[in-house]
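To keep things clear, I will list the structure first and then write my remarks on it.
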Amino acid sequence: MRRHAGAIVLFGLAAVAPLATRDAYFLDMIVLILMWGAISSAWNVAGGYAGQVSLGHAAFFGLGAYSAAVLTVHWGLSPWIGLVLGMALSIVAGLIIGYLSNRLRGPYFVLATIAFAQVLLITASRWREMTMGSEGIPVPFKQGFWALGLASKVSWLYLTLGFALALYLVQVYLEVSRMGYQLAGVREDEDAAQALGIAGRRLKVIAIAMSAALTSAGGTFWAQYVGFVDPFYVFSIDLSILFALNTIIGGVGTALGPFLGSILITWLEHYLRATLSDIAPGLIGVHLIIYGCLLIVMVRFVPQGLIGALGALFTWRARAAQRERHART
Amino acid sequence: MLALESVTKRFGGLTAVGGVSLDVDEGDLVGIIGPNGAGKTTLFNVIAGYYRPESGRVVFEGRDLTGHPPHEICRLGLTRTFQIVKPFGNLSVRDNVMIGALTRVRSVAAARTDADRVVERCGLGDYAGVVAKSLPIGLRKRLELARALATRPRLLLLDEVMAGLNPAELAAMVELIRRVHAGGVTLVVIEHIMAAIMRLTRRIVVLHHGEKIAEGVPARIARDPKVVDAYLGEEFTLE
């Protein structure tokens, strides 16, 4: 239980927040923190646990966003059906990306994922009959759970909290299960993992497909929450970078890391946007520069992310003892 | 148990292994020696499924392994170690070994028990919780062996697990290999340290330029003029 203390506090606070306040801005912030944290967790399944760093996860996010929006607009179907369709499409896309991960290593794989998202962006912005092209799709609002038309922010908060919890548990599974250990082996050294009887290639592909499907589910929720799907946003590299950024800043390959990263980055973005545009309208893009600096500082000085920094704070005594023991032997 | 039928592996114009045949019976402890570049490790890579040979077959317990991927070969009971050790650097010694054990048992708890037993048996008990990348080379070699043992092989290919060890570590490793063998694991061992391999094995195979130039009991190999010429430089005597 102790190792989940951070998560219990975090999700617990989110759960009781509506009791304390009904302030729409504040609740919106919590929904977005949970949403981006959950989607970054989905990225973490591939980028962290399987070690397959992608900068094209917006592809899956966009597939999820569009699947629901298109089915609703053209055929009046429930976004829940769109959610399932988006996940199915993303699994197929994930299998393609996964196949590439077995052909391309390191930076070449990253480039392939970027290109993949770009191809979908161009498709979505040109296929006017289906996607309304570059104008994007306003998601029609229909009241009710089945139509994902939740008027109150509180309902959205609990829906995203459920989603976030599910993603947290998926990651915990990857830390304690047979598949998780085997995946760790593949991430550390694929040749050695194969020599020990692990079907490394297949395992990586499965992890990427899982990651893709979960990211897509996040895309559907986001589009229904925000109410608008813009191809230049949902398929953008900015978004792909955001997923990676949240995770790297929070702690790659840890279940809580993406959520910690999301708290910092989501809050920072809103805060900086508001303050900077108050100072001068021309400063609006400056928050991106601040992100960049933050990323450099984190990677240089705290490569394990916020969770590593917090963990070090809590366990420095235990570690010092271990070091001492190790030095003596 | 293992039969190589004139296995040939080429890299471009270079024949790394040329028509090598070899039979290993259950319970054997076979040594493979030869100068650098003789094709020893390439031969292991062919047997373990990392390279597909241009011609010839690898047969293990009556099953043709040629073209099977490494993980299937391991699951059939044939595991290899790597000359340049490949620990899972950021994981603990216990977790390293556990990943090997999980190939045989599905339950994580059972694999942990298995791993603890193997870690203890390989003399790594004091380091079970230590991160693998912080181990010195002698212990990394032992971890390489421990991890392979956790997959419960019937045939184990050891690629220079004694290289780089100090005399005390070397003696401990020889002892450990003997115990593994006594425990019923058939072994094929690549080694450069002649004193160790002469004492350890019952049969030695000598490779040179990818070809088998001699095979026999250690005492005869040590005096074989072709082997002396190609590898030993002078007759090797065990004092």
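Throughout, a chain's letter reflects where its sequence line sits, starting with A, and its residues are numbered from 1. These numbers were taken from a predicted model, which means no experiment stands behind them.
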Side chains of residues 191-207 of chain A: which donor-acceptor partners sit under 3.5 Å, not counting sequence neighbours?
residue: A/K204; atom: NZ; partner: A/N102; partner atom: OD1; Å: 3.3
residue: A/K204; atom: NZ; partner: A/E190; partner atom: OE1; Å: 3.0

Neighbour count >12 (heavy atoms, 6.0 Å) for atom CZ, B/R104 = yes

Residues, nucleotides or ligands: over 12 heavy atoms within 6.0 Å of B/E54 CD | yes

Below 4.5 Å from any heavy atom of chain A, which atoms of B/V85 appear? Answer side chain, backbone, both or neither.
-> neither

Can you say whether B/R112 sits under 4.5 Å from chain A via the side chain, the backbone, both, or neither, judging by heavy atoms?
-> side chain

Top of B/T79, B/L91, B/L76 for chain A proximity - count of heavy-atom pairs under 4.5 angstrom = B/L91

What option among B/T151, B/N90, B/T81, B/I73 has the most heavy-atom pairs under 4.5 Å with chain A?
-> B/N90

Measure across A/R178 and B/V105 and return the closest heavy-atom pair with its distance rounded to 0.1 Å.
-> NE-O, 3.6 Å

Considering all heavy atoms of both residues, which atom of B/F88 and which atom of A/D189 are nearest to each other, and what is their separation?
-> CE2-O, 3.6 Å

At what distance, to the nearest 0.5 angstrom, does CD of A/E188 lie from CD1 of B/I99?
-> 8.0 Å

Roughly how far apart are B/R106 CZ and A/M179 CE, rounded to 0.5 Å?
-> 12.0 Å

